[in-house]
Amino acid sequence: MESRMLATWALLCVLLRPSATQNTAPEGVLNCCEGDVLFLLDSSGSVSSYEHSRMLAFLSELLLPFSLGEDQVRVGLLQVGTLPRLEFGFDAHDAQSGLQGALRNVKPLRGDTNTVEALRMARERALRPGAPGGAREGLPRVLVWLTDGVKPGDVIGPMAELLEEGVAVLVVSTGHGNYQVLRQVVSPPVESHLYFVDIDDMSIITEDLRDAIIEIIRAERITVRDVATDSATLQWRPVLSGLTGYYEIRYSAAGGGGVGGGTSSSTSGSQYQRLTQSAESSTARLTGLTPDTTYTATLTPESNDQAFNTLSITFKTKPEVLSPAVVTISESGQTSVRVSWGPSQPETVTSYYVEYSALPRGKLHAVTVGRTQNSTLLRDLQPDTTYLVTVSARHASGTERAMSVKVCTQEVTPALADLQLTTVGSDAVQVDWRSSPGSLRGYWLTWEGRQSSAPSQRSSFYLPPESLSTRLTRLPPATRVCVSPIYRTARGEGLCCNAQFNSNALPYGYHS
């Protein structure tokens with residue numbers, strides 16, 4: 001045990017000694033990147049002192065090559081324990097000497113593995129752009145979670161929130177953590193963002209993890225966004241800003257097929273499109289692309305002041321969605337409904353054909369609408385009836401696409417025709433009513449009354465559809481009686497009348 005502790009101390013002395021400088025950095029790492037990287041370090045009771053020291057030594061080796069500073073890489077460290085603690089934020093260290101010294105002084109927290117609370121702190125404080133000491137606006141944000149895999153808690157939800165906010169998540173597990181859970185919380189691609197390694201062999205993943213982080217926060221990078229069926233937007237860091245020059249963009253489909261949207265050229269028979277953008281540009285819209293096709297785009301900053309690397313990216317356009325892809329119903333009434341559909345494609349659709357019939361074997365009706373319309377109102381329908389509605393699009397290419405939905409018209413619910421109360425004695429009334437024609441399911445009768453200094457009394461009950469009268473007895477001196485017709489899908493509009501008595505009220509009830 002003593003020899004193992006001595007070996008550990010020797011390793012820490014080598015990896016964390018202040019004399020280690022960026023002169024030993026791997027080629028291509030210095031000044032490569034710009035972004036904020038937060039390390040979430042498990043230092044709970046399940047992590048031994050030896051394991052904790054190995055993780056810190058790993059972080060020291062991992063971070064040593066990076067250039068730190070406001071326009072470079074910034075690093076934060078948040079430890080997980082019963083009460084998670086932000087050891088240092090992004091604004092704490094702008095040089096390797098300070099960062100390495102801080103790593104040497106980190107002490108474990110112990111206690112429970114309260115990863116959920118640590119993630120809350122990370123999201124609300126460190127990784128929130130604009131927060132005091134938080135991440136910078138518009139730059140990549142990375143969370144690297146180092147865990148022994150022991151009871152991390154319900155982390156899927158908090159991690160999903162970070163991913164939705166654009167934070168890249170990488171995980172290093174030194175134990176036998178739940179692979180299915182960990183693969184859900186990392187950003188794609190899983191194979192380069194999720195690592196399982198023995199605590200004594202962490203150095204074997206140092207280069208791969210560093211490369212994965214660099215891939216996310218590399219200052220010279222190109223991304224693609226707003227990918228549609230026939231277009232996409234390239235976005236890059238404006239490295240030529242303030243310099244003379246321009247950006248040259250070339251893009252082509254896999255296999256060399258020609259595309260529109262730029263000047264067409266060819267090299268050795270391979271067709272590509274070419275665009276140029278000014279030195280101050282950071283985006284370019286590629287148009288005239290083919291749906292469901294893989295493209296490769298390259299960006300070359302051209303300048304006499306400085307040499308820049310050519311960047312490339314591969315993306316795939318979305319499959320073409322032919323209208324109608326969705327049909328919805330609104331404004332449903334007793335004799336009409338509005339049918340809407342999408343997407344709107346007036347440039348490819350010549351007309352829409354709407355068919356509808358009552359189920360199961362109603363007469364077929366049809367209406368044709370223009371290509372610019374995306375809805376129509378169907379009239380003269382039968383109340384309380386289910387219809388099958390089919391919307392067909394006739395495309396200019398000669399293809400047709402149809403989609404069907406079921407819709408129900410509303411039931412006719414006539415109001416109560418008449419309501420009369422006839423006083424019978426000092427505490428009873430005869431209630432008589434008339435209803436309108438309709439598919440009655442019964443009546444709902446409610447009365448409410450009050451007598452002096454006593455709480456109000458209320459009662460409701462159902463009466464069958466053949467009932468047209470009932471007698472209420474033992475009512476309070478002032479009583480209001482309401483009757484409403486009940487239909488299959490709703491209650492119709494009812495009527496109310498007031499009854500007045502001069503006697504004291506008795507316990508209430510009713511008699512049919």
Side-chain angles (χ1 to χ4, degrees), residues 228-229 318-419 433-446 462-468 482-496:
T229 57
K318 293 183 178 181
E320 186 175 14
V321 178
L322 295 179
S323 183
V326 60
V327 177
T328 59
I329 302 298
S330 61
E331 302 177 25
S332 178
Q334 296 174 355
T335 60
S336 64
V337 295
R338 179 166 293 279
V339 182
S340 304
W341 54 86
S344 179
Q345 297 176 328
E347 68 284 356
T348 63
V349 175
T350 59
S351 64
Y352 290 96
Y353 189 65
V354 183
E355 298 175 297
Y356 57 101
S357 61
L359 294 176
R361 292 182 296 274
K363 181 181 177 182
L364 182 64
H365 302 272
V367 60
T368 300
V369 299
R371 63 181 182 176
T372 60
Q373 287 186 240
N374 64 355
S375 71
T376 188
L377 186 66
L378 306 182
R379 306 175 186 273
D380 300 324
L381 306 182
Q382 301 173 25
D384 194 20
T385 302
T386 300
Y387 281 83
L388 180 66
V389 180
T390 301
V391 179
S392 302
R394 295 170 176 171
H395 290 262
S397 62
T399 60
E400 289 194 13
R401 178 179 172 86
M403 178 169 284
S404 299
V405 294
K406 289 183 180 180
V407 59
C408 296
T409 53
Q410 294 184 11
E411 182 182 17
V412 177
T413 57
L416 199 69
D418 184 42
L419 176 65
W433 62 86
R434 288 189 301 106
S435 62
S436 301
S439 54
L440 274 167
R441 298 298 177 91
Y443 301 93
W444 191 253
L445 186 147
T446 299
Y462 167 81
L463 292 169
E466 61 271 13
S467 300
L468 291 175
C482 298
V483 179
S484 300
I486 301 174
Y487 300 95
R488 182 180 60 85
T489 59
R491 184 187 299 185
E493 183 179 353
L495 294 174
C496 297

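Numbering starts at 1 and runs along the sequence shown.
Around atom CZ of R379, no more than 12 heavy atoms belonging to other residues, nucleotides or ligands sit under 6.0 Å away. Heavy-atom contacts from other residues, nucleotides or ligands closer than 6.0 Å to CD of E347 number more than 12.
One N or O on the side chain of Q345 and one on the backbone of S323 form a donor-acceptor pair closer than 3.5 Å. R401 places a side-chain N or O within donor-acceptor distance of the main-chain N or O of L322, the cut-off being under 3.5 Å. Distance alone, capped at 3.5 Å, is enough to place a donor-acceptor pair between the T409 side chain and the Q382 backbone. In this structure, the side chain of S467 does not engage the main chain of P465 through any donor-acceptor pair within 3.5 Å. Within the 3.5 Å criterion, the main-chain N or O of V367 finds no donor-acceptor partner in the side chain of Y356. Panel note: side chain T350, backbone R394; a donor-acceptor pair is recorded below 3.5 Å.
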Pair S332-V337, side chain to side chain contact (heavy atoms under 4.5 Å, CB included): steps then yes or no: CA-CA 4 Å; S332 178; V337 295; 3.7 Å; yes
Residue pair S435, Y443: steps toward the side chain to side chain donor-acceptor pair (under 3.5 Å) verdict: CA-CA 10 Å; S435 62; Y443 301 93; 3.0 Å; yes
Side chain to side chain contact (heavy atoms under 4.5 Å, CB included) evaluation trace for W444 with V483: CA-CA 6 Å; W444 191 253; V483 179; over 6 Å; no
Side chain to side chain contact (heavy atoms under 4.5 Å, CB included) between Y462 and I486, worked out: CA-CA 9 Å; Y462 167 81; I486 301 174; 3.9 Å; yes
Intermediate values then yes/no, side chain to side chain contact (heavy atoms under 4.5 Å, CB included), M403 and V391: CA-CA 5 Å; M403 178 169 284; V391 179; 5.7 Å; no
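The line from CZ of R441 to OG1 of T413 is 13.0 Å long, rounded to the nearest 0.5 Å. Taken to the nearest 0.5 Å, the CG atom of D380 stands 7.0 Å off from the OG1 atom of T335. Distance check: C408 SG to I329 CD1 gives 10.0 Å after rounding to the nearest 0.5 Å. Rounding to the nearest 0.5 Å places OH of Y487 at 12.0 Å from CG of D384. With rounding to the nearest 0.5 angstrom, the CD atom of Q334 is 9.0 Å from the CD atom of E411. Residue Q410 holds its CD atom at 11.5 Å from CG of L381, rounded to the nearest 0.5 Å.
W433 has its side chain within reach of L463: a pair of non-hydrogen atoms, C-beta onward, lies under 4.5 Å apart. Side chains of T376 and Y352 form no contact here, defined as non-hydrogen atoms less than 4.5 Å apart.
Across all their heavy atoms, L388 and K406 have their closest contact at CD1-CG, 4.2 Å. What you find for L495 and L419 is that their closest heavy atoms are O-CD2, 3.2 Å. Scanning both residues, A415 and P485, for their nearest heavy atoms gives C-CG, 4.4 Å. Across every non-hydrogen atom of A402 and S392, the tightest pair is CB-OG, 3.4 Å.
Residue pairs meeting the salt bridge (Lys or Arg N to Asp or Glu O under 4.0 Å) criterion with at least one partner in residues 357-374, sequence neighbours excluded, do not occur; the list is empty.
Checking each of T328, V326, V405, V369 against W341 for a side-chain contact (heavy atoms from CB on, under 4.5 Å) leaves exactly one that passes, namely V369.
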